[in-house]
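Encoded as structure tokens, the structure appears first; notes follow it.
Computation of the quantities below employed the complete heavy-atom set of this structure, encompassing side-chain atoms and omitting hydrogens, waters and symmetry-equivalent molecules.
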Amino acid sequence: MPLRRALTTTALAITTATQLMAQQPAPIQDGQILPLWTGTPPGALGSAESDIPTITVYLPRTMGPNAPAMIVCPGGGYGALASNHEGRQVANYLNSLGMAAFVLRYRLGPRYHHPIELGDAQRALRTVRSHAAEWKIDPGRIGIMGFSAGGHLAMTASTWFDAGNPQAPDVVDRAGSRPDFAVLGYPVISMTAAWTHRGSRNNLLGESPDPDLARRLSGEEAVTKDTPPTFIFQTNEDTAVPAENSVYYYLALRKAQVPAEMHVFEKGPHGVGLANDTAALAPWSTLLANWLRGRGVIK
């Protein structure tokens, strides 16, 4: 009897300790804005808000250990950021799926050109991964999501990445920058094709970009077998960033045998975000949730 009582007491103590750990507040807080670098960011041309890349934290109501996470890249043609309907609203939806979300404020053209934007996205991925244990994030379930030009940035982060530098003095730089999965909403993909979004290309690369660099920053040319699994959402009516961008990227993923899913809706303009006010398009976010669930990202 004493042994049984002791075992019961031990089991209760372990359960209580586990519950208390799950209830402890994370060291990051919902709505917190975190600069990606301490001090002056690499390549900064000033100290204004637009010169300081950040991530804004959005956490689910309840967050246990090893939560999945998403870096969210709003669009805006690499010249502005649609941080409400392609940032905050998206982050709140991801929170409803049990995911932590980090909305990226990256530096913009024409003041900044490549590789600054990509460096900001890579730094965001490294930041979350390097703090995974502290922030209760699963380091193997960190994705990137982007819309329009933010989709190009998410695509580029999916095709230009490294495993980190183990010898780096900055602990963040020791973490890898490869996203574990990617979500692209009506993305800019090509920097060379006739259907490229010229405003995005000019802001990212300048008026007369190097042809080889433009080709290497075209997603249809950059996919490899190591590109992460990708979900793509697009509308056929989009004239700003035509569906050829998404279709050619999907075909490149398919050719490289990268797991991918694409949904092209007939109706709908560019820049709809979650499209909650459009009955024909709103289901795309449910399709995304199904895909994330099927890949084991969420439950």
Side-chain angles (χ1 to χ4, degrees), residues 26-28 32-59 68-76 78 81 83 86-87 90-91 94 99-109 111-135 137-147 149-184 203-205 216-217 222 226-228:
I28 50 172
Q32 186 174 359
I33 300 174
L34 303 174
L36 291 179
W37 279 274
T38 301
T40 304
L45 300 175
S47 57
E49 183 177 86
S50 58
D51 297 306
I52 310 298
T54 65
I55 47 175
T56 300
V57 180
Y58 292 89
L59 300 177
M70 188 87 82
I71 306 297
V72 180
C73 307
Y78 279 121
L81 292 175
S83 296
E86 293 175 356
V90 174
L94 295 171
M99 301 183 72
F102 301 84
V103 176
L104 174 63
R105 186 180 76 205
Y106 53 95
R107 286 171 283 182
L108 300 168
R111 180 173 172 82
Y112 290 99
H113 294 312
H114 175 81
I116 293 297
E117 293 85 350
L118 174 60
D120 292 349
Q122 291 174 330
R123 180 71 176 188
L125 287 158
R126 295 188 208 276
T127 297
V128 175
R129 185 163 283 128
S130 65
H131 289 91
E134 177 189 0
W135 293 354
I137 301 294
D138 183 345
R141 290 189 294 163
I142 299 173
I144 193 164
M145 181 176 190
F147 297 83
H152 183 271
L153 183 56
M155 175 279 295
T156 309
S158 299
T159 52
W160 294 48
F161 51 79
D162 61 64
N165 178 5
Q167 308 304 320
D170 184 345
V171 66
V172 173
D173 288 333
R174 299 174 195 168
S177 64
R178 179 186 180 273
D180 297 300
F181 51 92
V183 178
L184 310 180
N203 280 328
L204 181 66
L205 300 177
R216 290 188 292 120
L217 285 170
D226 297 318
T227 300

Salt bridge (charged side-chain N to carboxylate O under 4.0 Å, His left out) against Arg107, all qualifying residues, sequence neighbours excluded | Asp120

How long is the span from the CE atom in Met99 to the CE atom in Met145, to the nearest 0.5 Å?
-> 9.0 Å

Non-neighbouring partners of Ala222 that pass side-chain contact (heavy atoms from CB on, under 4.5 Å), sequence neighbours left out | Thr159

Mind checking side-chain contact (heavy atoms from CB on, under 4.5 Å) for Pro115 and listing every partner two or more places apart, or none if nothing turns up?
-> none

Check Arg178 against Pro228 and note the closest heavy-atom contact, atom names and distance.
-> NH2-CA, 3.4 Å

Write down the atom of Asp226, the atom of Phe161, and the distance for their closest heavy-atom approach.
-> O-CZ, 3.5 Å

Could you pull out the closest heavy-atom pair between Leu104 and Ala124, with the gap in Å?
-> CD1-CB, 4.1 Å

Residues two or more places apart in sequence or in another chain: which of them pass side-chain contact (heavy atoms from CB on, under 4.5 Å) with Leu34?
-> Ile28, Gln32, Ile55, Val57, Trp135

Rounded distance [0.5 Å steps], OG1 in Thr227 versus CH2 in Trp160 | 12.5 Å

Can you measure from CD1 (Ile144) to SG (Cys73) and round to the nearest 0.5 angstrom?
-> 4.0 Å

Starting from the C-alpha separation in whole Å, work towards a yes-or-no answer on side chain to side chain contact (heavy atoms under 4.5 Å, CB included) for Thr54 and Leu36.
-> CA-CA 5 Å; Thr54 65; Leu36 291 179; 5.6 Å; no

To the nearest 0.5 Å, atom CD1 of Ile33 lies from atom OG1 of Thr56 at 4.5 Å

Between the CE atom in Met70 and the CZ atom in Phe181, the distance rounded to the nearest 0.5 Å is 4.5 Å

Main-chain N/O of Gly140 paired with Arg129 side-chain donor or acceptor, under 3.5 Å | no

Donor-acceptor list for residues 38-48 side chains, cut-off 3.5 Å, not counting sequence neighbours:
none

Could you walk me through whether Val103 and Tyr58 pass the side chain to side chain contact (heavy atoms under 4.5 Å, CB included) test, one step at a time?
-> CA-CA 8 Å; Val103 176; Tyr58 292 89; 3.6 Å; yes

Rounded distance (nearest 0.5 Å) linking atom CG of Leu204 with atom CD of Glu117 = 5.0 Å

Would you say the side-chain atoms of Glu86 pair up with the backbone N or O of Gly75, donor to acceptor, closer than 3.5 Å?
-> yes

Taken in chain and number order and not counting sequence neighbours, the residues that satisfy side chain to side chain donor-acceptor pair (under 3.5 Å) with Arg216 are Asp212

Contacts of type side-chain contact (heavy atoms from CB on, under 4.5 Å), residue Asp173, not counting sequence neighbours | Arg123, Arg126, Ala168, Asp170

When you look at Met155 and Leu184, which way does the side chain to side chain contact (heavy atoms under 4.5 Å, CB included) test go after all the steps?
-> CA-CA 7 Å; Met155 175 279 295; Leu184 310 180; 4.2 Å; yes

Taking the side chain from Tyr106 and the backbone from Gly119, do they hold a donor-acceptor pair closer than 3.5 Å?
-> no

Can you find a side-chain donor-acceptor pair between His152 and Tyr78 that sits under 3.5 Å?
-> yes

Any sub-3.5 Å donor-acceptor pair from Asp180's side-chain atoms to Ile142's backbone N or O?
-> yes

Return each pair, listed once, that meets salt bridge (charged side-chain N to carboxylate O under 4.0 Å, His left out) where at least one residue sits in residues 35-56; pairs must be two or more places apart or across chains.
-> Glu49-Arg105, Asp51-Arg111

Residues His114, Leu217; criterion side chain to side chain contact (heavy atoms under 4.5 Å, CB included); working and verdict = CA-CA 9 Å; His114 175 81; Leu217 285 170; 3.8 Å; yes

What residues form a side chain to side chain donor-acceptor pair (under 3.5 Å) with Asn203, not counting sequence neighbours?
-> none

Who passes side chain to side chain donor-acceptor pair (under 3.5 Å) against Arg141, sequence neighbours left out?
-> Asp138

Nearest heavy atoms of Ser158 and Pro179, plus distance in Å | OG-CG, 3.8 Å

Do you know the tightest heavy-atom contact between Pro74 and Leu81?
-> O-CD2, 3.9 Å

